[in-house]
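Have a look at the structure below, then the notes.
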Amino acid sequence: MADTSQPARVRFAPSPTGRLHLGSARTALYNYLLARRTGGQFILRIEDTDFKRTVEGAEDELLAGLRWLGLQWDEGPDVGGPCGPYRQSERKEIYLKYARQLVERGRAYPCFCTPERLARVRQEQLKRKESLHYDGTCRNIPPEAAARRVADGEQHVIRFKAPQEGTTTVHDLLRGDITVDNRNLDDAILVKSTGWALYHLAAIVDDHEMGITHVFRSSEWLGTFPLHALIVRALGWAEPTWVHLSVFLKPGGKGKMSKRDAERARDDGYSIFIKDLEALGYIPEGILNWIVLMGWGTAENDEMSLDEMIARFDLAHLNPAPAAVDFKKLDHFNGLHIRRLSVDDLAARMKPFFIEAGYPVDDDKLRQIAPLLQPRLKTLRDAPIVGGVFFEETVSPNPEELIGKKMTAPDSAEAARRAVSILSGLTEITHETAEPPMRALAGELGLKAGQLFGILRVAVTGRKVSPPLFETMEIIGRDEVLRRVEQAVALLESLDS
RNA sequence: GCCCCCAUCGUCUAGCGGCCCAGGACGUGGCCCUCUCAAGGCCAAAACGGGGGUUCGAGUCCCCCUGGGGGCACCA
């Protein structure tokens with residue numbers, strides 16, 4: 001079943017009508033993984049035959065998003081390949097060729113019904129509570145008569161002539177055989193009156209012409225699955241392995257992700273769109289690790305890099321059930337992979353977020369603070385929040401917060417004074433040189449280390465929460481540390497008057 | 001209304017008839033570590049939707065119910 005011995009040719013075929021989101025990214029991922037796993041090819045095809053719906057810039061975002069995630073394709077509209085063109089809008093004649101073939105074989109027919117008439121038929125069916133389907137008016141027009149009307153230039157579409165009796169059985173890798181009663185099949189439109197093929201024909205033709213071995217697509221195609229298999233068979237081709245992946249459900253698992261849910265995710269600081277996730281400080285490694293597990297599972301060790309996924313991915317563990325998105329889990333994997341980054345890598349990735357937050361960035365300092373921030377970041381966006389202190393020229397602590405735990409202002413002032421006198425005696429303040437004497441001082445004053453350190457932390461960073469105190473002092477530097485602690489002394493003294 | 005699909009902890013999942021009084025992960029609670037916050041370590045609570053079968057034996061196979069999801073365009 002999980003045949004990884006034969007090279008797979010797979011494709012990710014988005015239409016440039018929207019943004020790259022979680023669901024499509026996961027489909028792309030699975031395609032990519034199977035291709036790499038089997039030593040096959042990953043193809044990118046743009047399904048842009050519906051010009052009315054094409055969105056300006058969508059294709060660019062799609063490609064950029066995939067590249068950012070690290071899912072580079074082997075063949076595609078921009079990189080070419082032996083089966084091009086890879087944009088459906090450039091393959092019109094190919095589809096027409098097969099549409100004509102189908103008509104010649106009596107497996108498809110021209111239909112002259114107007115959209116208006118079709119809408120009327122639908123209304124009637126709705127009123128009679130029947131299933132919605134084409135009523136077959138043009139199905140029985142004699143081929144010669146139909147051909148004549150076409151030759152005369154009469155507006156028409158091409159419909160597939162679906163069988164009306166018996167049953168059709170198709171096979172999905174995750175669901176096994178699916179058998180439908182042919183009476184429920186519809187004569188779907190293959191070619192619009194404009195001459196452009198619809199998905200039903202275009203995708204089937206392209207998958208064949210491009211030698212696709214496995215078709216990963218969303219479960220929303222399950223309804224037309226028999227139709228598509230029938231078209232493949234009518235054309236006399238071998239079927240690919242069909243894999244219908246379930247959709248993602250909203251957090252909590254009740255209902256599909258809707259636009260409203262997407263907005264709510266944004267309000268919570270998350271997003272279902274890849275580009276937004278990048279801006280929110282999520283890294284490809286984290287996102288990929290998160291989505292690969294929604295629909296595919298392993299017994300244990302969920303933590304994986306892309307390479308590890310390639311080594312472990314298989315078809316047998318794909319799961320047909322819908323999965324609810326859990327952004328908390330994304331946070332977990334993102335943090336996990338941030339911690340896996342090298343110092344230089346993390347420094348480079350944090351940089352734009354410091355710039356965005358308005359801090360004067362400095363590559364050396366970024367590398368210096370990276371190890372301190374690394375275990376504290378859930379997202380890269382947290383970096384300027386946690387590490388902003390290293391770029392601030394001055395701090396303005398809240399005097400009240402300078403008072404040590406269970407201490408008075410005068411006590412705290414005295415402790416700070418003593419700290420200054422000891423620290424100023426050091427030629428350099430580092431973790432090694434400063435911590436021992438400060439611990440000793442705490443003991444001498446009858447304080448817990450945490451009490452003294454707390455005062456110094458607020459004095460030096462202006463915050464109650466910061467990276468480890470002495471490492472922080474080391475980076476801020478002796479002179480500035482002294483200046484800040486002295487400032488704290490003054491602040492504390494002003495308090496008790 | 002009609003058609004199709006799915007069903008294990010709150011969530012993502014492992015399980016492919018006995019190895020399961022159901023394993024891992026997120027989240028949650030507790031403890032440890034600890035200069036704060038994290039990170040890390042340990043522990044805990046937490047599930048086979050219900051009912052019928054099949055079988056010596058069912059989370060695993062079959063049926064029904066329930067629940068959830070998808071589809072029914074000259075969109076993809």
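Numbered from 1 within each chain, the chains take letters A, B, ... in sequence-line order. Just so it is clear, the values below take in all heavy atoms, side chains as well, and ignore hydrogens, waters and symmetry mates.
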Select base, sugar-phosphate, or nothing to describe what [X] touches, counting heavy atoms under 4.0 Å on all strands.
| X | value |
| --- | --- |
| A:R175 | sugar-phosphate |
| A:D302 | base |
| A:L456 | nothing |
| A:L452 | nothing |
| A:P467 | base |
| A:S193 | base |

Select one nucleotide: of [options], the one nearest the side-chain heavy atoms of [X].
| X | options | answer |
| --- | --- | --- |
| A:T49 | B:A76, B:A25, B:A39 | B:A76 |
| A:R376 | B:C74, B:C72, B:C37 | B:C37 |
| A:K329 | B:A25, B:A76, B:U36 | B:A25 |
| A:P322 | B:G70, B:G27, B:C6 | B:C6 |
| A:V247 | B:G70, B:C75, B:C4 | B:G70 |
| A:A321 | B:A7, B:G1, B:C74 | B:A7 |
| A:F333 | B:C75, B:C37, B:A25 | B:A25 |
| A:R439 | B:C35, B:C26, B:A73 | B:C35 |
| A:V465 | B:C75, B:C6, B:C37 | B:C37 |
| A:P468 | B:C35, B:G71, B:A25 | B:C35 |

Heavy-atom donor-acceptor pair, [X] side chain to [Y] backbone, under 3.5 Å:
| X | Y | result |
| --- | --- | --- |
| A:H208 | A:I204 | no |
| A:S219 | A:L222 | no |
| A:D382 | A:K378 | yes |
| A:D177 | A:H171 | no |

Give none if [N] has no partner; otherwise give the nucleotide forming a Watson-Crick or G-U wobble pair with it, both distances under 3.5 Å.
| N | answer |
| --- | --- |
| B:A22 | none |
| B:A39 | none |
| B:U54 | none |
| B:C33 | none |
| B:G59 | none |
| B:U28 | B:A44 |

It should be established whether [X] places a side-chain nitrogen or oxygen under 4.0 Å from OP1 or OP2 of nucleotide [N].
| X | N | answer |
| --- | --- | --- |
| A:H317 | B:C16 | no |
| A:R183 | B:C3 | no |
| A:N319 | B:A14 | yes |
| A:K192 | B:C75 | yes |

Check your understanding: Checking A:R159 against A:Y134: charged group under 6.0 Å from the ring centre and within 45 degrees of the axis?
Key -> yes
Between [N] atom [atom2] and [X] atom [atom1], what is the distance in whole Å?
| X | N | atom1 | atom2 | answer |
| --- | --- | --- | --- | --- |
| A:Y134 | B:C74 | OH | P | 11 Å |
| A:L341 | B:A39 | CG | P | 17 Å |
| A:W290 | B:U11 | CH2 | C1' | 12 Å |
| A:L185 | B:C2 | CG | P | 18 Å |
| A:I291 | B:C26 | CD1 | P | 19 Å |
| A:L469 | B:U34 | CG | C1' | 14 Å |
| A:D172 | B:G70 | CG | C1' | 13 Å |
| A:L201 | B:C74 | CG | C1' | 13 Å |

Exercise for review: Hey, which sits more toward the 5' end of RNA chain B by its nearest nucleotide, A:T298 or A:S131?
Suggested key: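 Per heavy-atom nearest nucleotide, the more 5' residue is A:S131.
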Exercise for review: Find which nucleotide of RNA chain B each of A:I189 and A:G454 is nearest to by heavy atoms, and output the residue with the more 5' nucleotide.
Suggested key: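 Result of the comparison: A:G454.
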Review point. Is any side-chain heavy atom of A:R439 less than 4.5 Å from a side-chain heavy atom of A:F453?
Key: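 A:R439 vs A:F453: side chains touch.
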Considering only nitrogen or oxygen atoms on both sides, find all protein atoms under 3.5 Å from nucleotides 63-67 of chain B and state each distance.
none

Revision key, fill the gap. In terms of heavy-atom contacts, A:V395 and A:V460 come closest through CG1-O, 3.8 Å
**Study point:** Rounded P spacing from B:C20 to B:C37 in Å
**Key:** 40 Å
Point to revise | Distance between C1' atoms of B:C21 and B:C48 (Å, rounded) | key: 13 Å
Check your understanding: If you measure from the Lys or Arg side-chain nitrogens to the Asp or Glu carboxylate oxygens, is any gap between A:R128 and A:E124 under 4.0 Å?
Key ->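 Judged by the 4.0 Å cut-off on N to carboxylate O distance, A:R128 and A:E124 do form a salt bridge.
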Review point. Salt bridge between A:E285 and A:R349, side-chain N to carboxylate O under 4.0 Å?
Key: yes
Practice item. Check the surroundings of atom CD in A:Q155: do more than 12 heavy atoms from other residues, nucleotides or ligands lie under 6.0 Å from it? Key: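 Atom CD in A:Q155 is not packed in, count stays at 12 or less.
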